[in-house]
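Comments concern the structure below.
Each chain gets a letter, A, B and so on, in the order the sequences are listed, and its residues count up from 1. All of these numbers come straight from a predicted model, not from anything done at the bench.
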Amino acid sequence: MRVSTLLTAAAFAAFAQTASAADTLTIYTYESFTAEWGPGPQVEKAFEAECGCDLKFVAVADGVALLNRVRLEGEETKADIVLGLDTNLMASAKATGLFAEHGIDMTGLKVPGGWSDDVFVPYDYGYFAVVYDTERMSSPPGSLKELVEGDADQKIVIQDPRTSTPGLGLLLWMKAVYGDKADEAWAKLSERVLTVTPGWSEAYGLFTSGEAPMVLSYTTSQAYHMIAEGSDRYQAASFSEGHYLQIELAALTKKGAANPLGEGFLTFMTGPAFQDVIPETNWMFPAGETDKPLDPAFSRLVEPQETLQIGAEEVEANRKAWVDEWLSAMSR
Amino acid sequence: MALRDEPLTGARRGAAEWAGLAALGFIVLLIGGAIVGMALEGVRDPSGAGAAFDSYLLRVVRFTLLQATLSTLVSVLPAIAVARALSRHGAFRGRGIMLRLFSVPLALPPIVAALGILALYGRAGLFADLAAATGLGQWPSIYGLSGILTAHAFFNIPLAARLLLQALDTIPADHWRLASQLGMSPWSTFRFIEWPAMRAALPGVAGLVFMLCVTSFTIVLTLGGGPAATTLEVAIYQALRFDFDPARALILTVLQLGLTISVVFLLARLGANMSGEASISISRRRHAGAGRMETLFNAAVLGLAFIFVGAPIAAVVTAGLEADLARLLGEAAVRSALLTSLLLALVAAVLCSVLTYALVSGRMRLESGRRSAPAGLLERALDGGTSLVLVVPPIIIGAGWFLLLRRFADAFALAPVMVASVNAVMAIPFAVRAIRPAHDSAFDRHDRLCRQLGIRGLSRLRLVDWPVMRRPLATGFAFAMALSIGDLGVIALFGSEEVQTLPYLLLSRMSSYRTADAAGIALILAVFCFLLIMLAERLGGERR
């Protein structure tokens, strides 16, 4: 009987989705975007008031799962917009051929290093950083070099580039700084690595439970602890070589290109009504103009002396080789 | 005596065999469909399959087998002592609580268990603090093989102990009476009475633990200390999730299946089939009295097991109590996730129990029908084949079905049905081990009599089978429920806004800095699991 209840519920849900497709915009995104404390609820309210339509979020675990869901659904996807991919997923996303060009004006955007792409529109960005526990560590490393060569008893938790976006971020950061010598640097750093977790949450969980005084995260992690918890305990270390940039992106699917609401949303997304919400819900820097000034805590964050980035095509072409290099250096 | 010469369950298949076949068909369909879906997608670009084989893969395979074998040893050997002690002392205070506590690890998401274990053995754990405070120097690092083995033992000692206890419970009371009349020493009792019963169940239990450890993923990566600790499951996950290479994911899954089948096959050769007990028990179940030395030894075994399993759970509870539980329980998201989890666990457990009973009784009828002839393929499939579902990663089943279904229907709308079915099938290997020993020994004792007396169909089920099967069925049901309530693997990929379970919510809180909330949800999960198991066992008749 209960199986049939589930079946009915499933059938009903499927019906409900097709019935109201006319003035509905469906956005696929990641879980923490639509959570109660995430940007989703406020964005939905603001856009629905503007367009007089129904905005529907469908959430999956994270950015990689997002791309996979679209791949799994293929041409039949219900998504008009996919929101939550990043620069490192861009090349594989484009290769699916499921996304359409946007044609919106992106001159108002203020992403470090500038932005021009026909398909993807940025909505926020952040920098990877080593976050440390001030109660366990008085002098954090001042550069990637100091991290690599420092006291091996002061451990760091990192993520696996084979399964996690920040893990891939650190891999690229090391590559951007060390180039061909990256494998030697990894071999040295491996003595300092407490463990390599499958995702960001496990690493951060180990860090906050006191297992290690450092973790790979974002400069904006510090803003969360300052604003939401009123605590200065966890801080990001500023690295003299610069910090690696992550830009979060949205794009229209081919189906969404036919929906008049699609382009409207992308324009809305780059404007203040959306951008105001981002800093203190998604804990990233807004990619467009905001109406309100950012919380003063954001001005206390690490300001990278240099923005490091490797082009999406280069990443896609070399990812396997670089991960293999990482594997052999770390397994030594 | 004509009955003995005329096999009543001969060539003609009875209802039980057909039910067993149907259950087997369901499982085959679930796995087969997924594999077909993956294969159809994989043939579009099969290059990944060949590229999967390199020296890195060899290392991964070696480590997978090494850690799984060691994990099985460190789980099953202590479990033998624990099960024996539990069986010897049937009535001590706290035994019921201990048994229920033993089901909780099954329901804990791996990262929660890992944090609980680290709270004791980690760098910032209790023992490290104690070592520093008493000046004993530095507590050795747990990261590496030792961490993996500790965590796997935490998950699997309780599981193996409960399953072996189930096997010990099938020893006819007459054997115990005889042992005490003959004044057998504890060693002789173990050797002649307990060991044969455990030996029959051991290959199955060890095989199950092995399979669970082969597919371990989060534990291996998180506690393993680095990418040298990588299992095949990680490679499969990477192939499908990051690289979206169905061909490579499929070939790795097939490799994982092949390796596991070989190991399980070897294990089965080590075991022995216990010959059936045809006589009906006339003595009341009574536990053999244990001498003082033995009681002390057993108390030490049980005490250690209780601390080993209980302490990380206590750490999970302590962390959970620091969360704002009142607010959490008031949140609509938490309540609906709790409801989804409960409903899912219930549906999956009912489905799992029905399927398992059909498989077990179908198999037994085949066995009794063939008499002393070697077991046929179907009987073997009904027996061990079903366990192999554990080595097919949930994300493969998920992705495969979506790839297949998307040709015909809206696959994601069917997510709730898929999640319940996959959970039910994944729990079958556990339920089989809980149900089969009792079922088979009851069948041996009662079947001939039932046939002679012409008790059949529903009246047989009600009068003969149900009273003896009630308790093992409840145990199997409880296992299935604990597994499904803690499920994350299936949910992670199917997970949509429609199927949000507690573990899913837990991870989502963790991934947005809300670690205290996550700890609170873990506590809620553990408490509900404990309550559900208590309820299931009460319904099954608690008398023991």
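When heavy atoms are compared at a cutoff of 4.5 Å, Leu118(B) approaches chain A by way of both its backbone and its side chain. Residue contact with chain A, scored on non-hydrogen atoms closer than 4.5 Å, is absent for Glu41(B). Both the backbone and the side chain of Phe244(B) come within less than 4.5 Å of a heavy atom of chain A. The parts of Leu206(A) that come within reach of chain B are both its backbone and its side chain, each placing non-hydrogen atoms under 4.5 angstrom from that chain. Residue Leu505(B) does not touch chain A at all, counting heavy-atom pairs closer than 4.5 Å. Contacts between Asp62(A) and chain B at a heavy-atom distance below 4.5 Å involve the side chain alone, from C-beta outward. Only the side chain of Thr208(A) comes within less than 4.5 Å of a heavy atom in chain B; its backbone stays farther off. Only the backbone of Asp153(A) comes within less than 4.5 Å of a heavy atom in chain B; its side chain stays farther off. Looking at Thr515(B), only its side chain comes within 4.5 Å of chain A, counting heavy atoms on both sides. Within the 4.5 angstrom heavy-atom criterion, atoms from both the backbone and the side chain of Glu202(A) approach chain B. Heavy-atom distances place no part of Ser421(B) under 4.5 Å from chain A, backbone and side chain included. If you measure heavy-atom distances from Glu211(A) to chain B, the contacts under 4.5 Å come from both the backbone and the side chain.
A side-chain donor-acceptor contact under 3.5 Å links Thr34(A) to the backbone of Glu31(A). When atom types are taken as modelled, the side chain of Lys155(A) and the backbone of Glu191(A) share a donor-acceptor pair closer than 3.5 angstrom.
Of all non-hydrogen atoms in Ala152(A) and Arg192(A), the two that sit nearest each other are CA-CG, 3.7 Å. Val315(A) approaches Trp322(A) most closely through the heavy-atom pair CA-CZ3, 4.4 Å. The two residues Leu240(B) and Ala399(B) come nearest to each other via the heavy atoms CD2-CB, 3.6 Å.
Looking only at heavy-atom pairs under 4.5 Å with chain A, the residue among Thr230(B), Leu507(B), Val234(B) that has the most is Thr230(B). With chain B as partner, the option from Leu194(A), Val196(A), Leu327(A) having the largest number of non-hydrogen pairs under 4.5 angstrom is Leu194(A). Per-residue heavy-atom pair counts under 4.5 Å with chain B were compared for Leu89(A), Thr195(A), Leu67(A), and the maximum is reached by Thr195(A). Contact count versus chain A (heavy atoms, under 4.5 Å) is highest, among Gly147(B), Pro227(B), Ala228(B), for Pro227(B).
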**Item:** Working for side-chain hydrogen bond (donor to acceptor under 3.5 Å, both in side chains), residues Gln154(A) and Tyr132(A)
**Value:** CA-CA 10 Å; Gln154(A) 296 269 23; Tyr132(A) 68 101; over 6 Å; no
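Side-chain contact of Ser217(A) with Trp200(A): a donor-acceptor pair under 3.5 Å is present, judged by distance alone. Between the side chains of Tyr513(B) and Glu229(A), no donor-acceptor pair is found at a separation under 3.5 Å.
In this structure, Glu73(A) and Leu98(A) have side chains that are not in contact, with every pair of non-hydrogen atoms separated by 4.5 Å or more.
Between Trp283(A) and Tyr224(A), the ring planes are perpendicular. Angles over 60° get that label, and only those under 30° would be called parallel.
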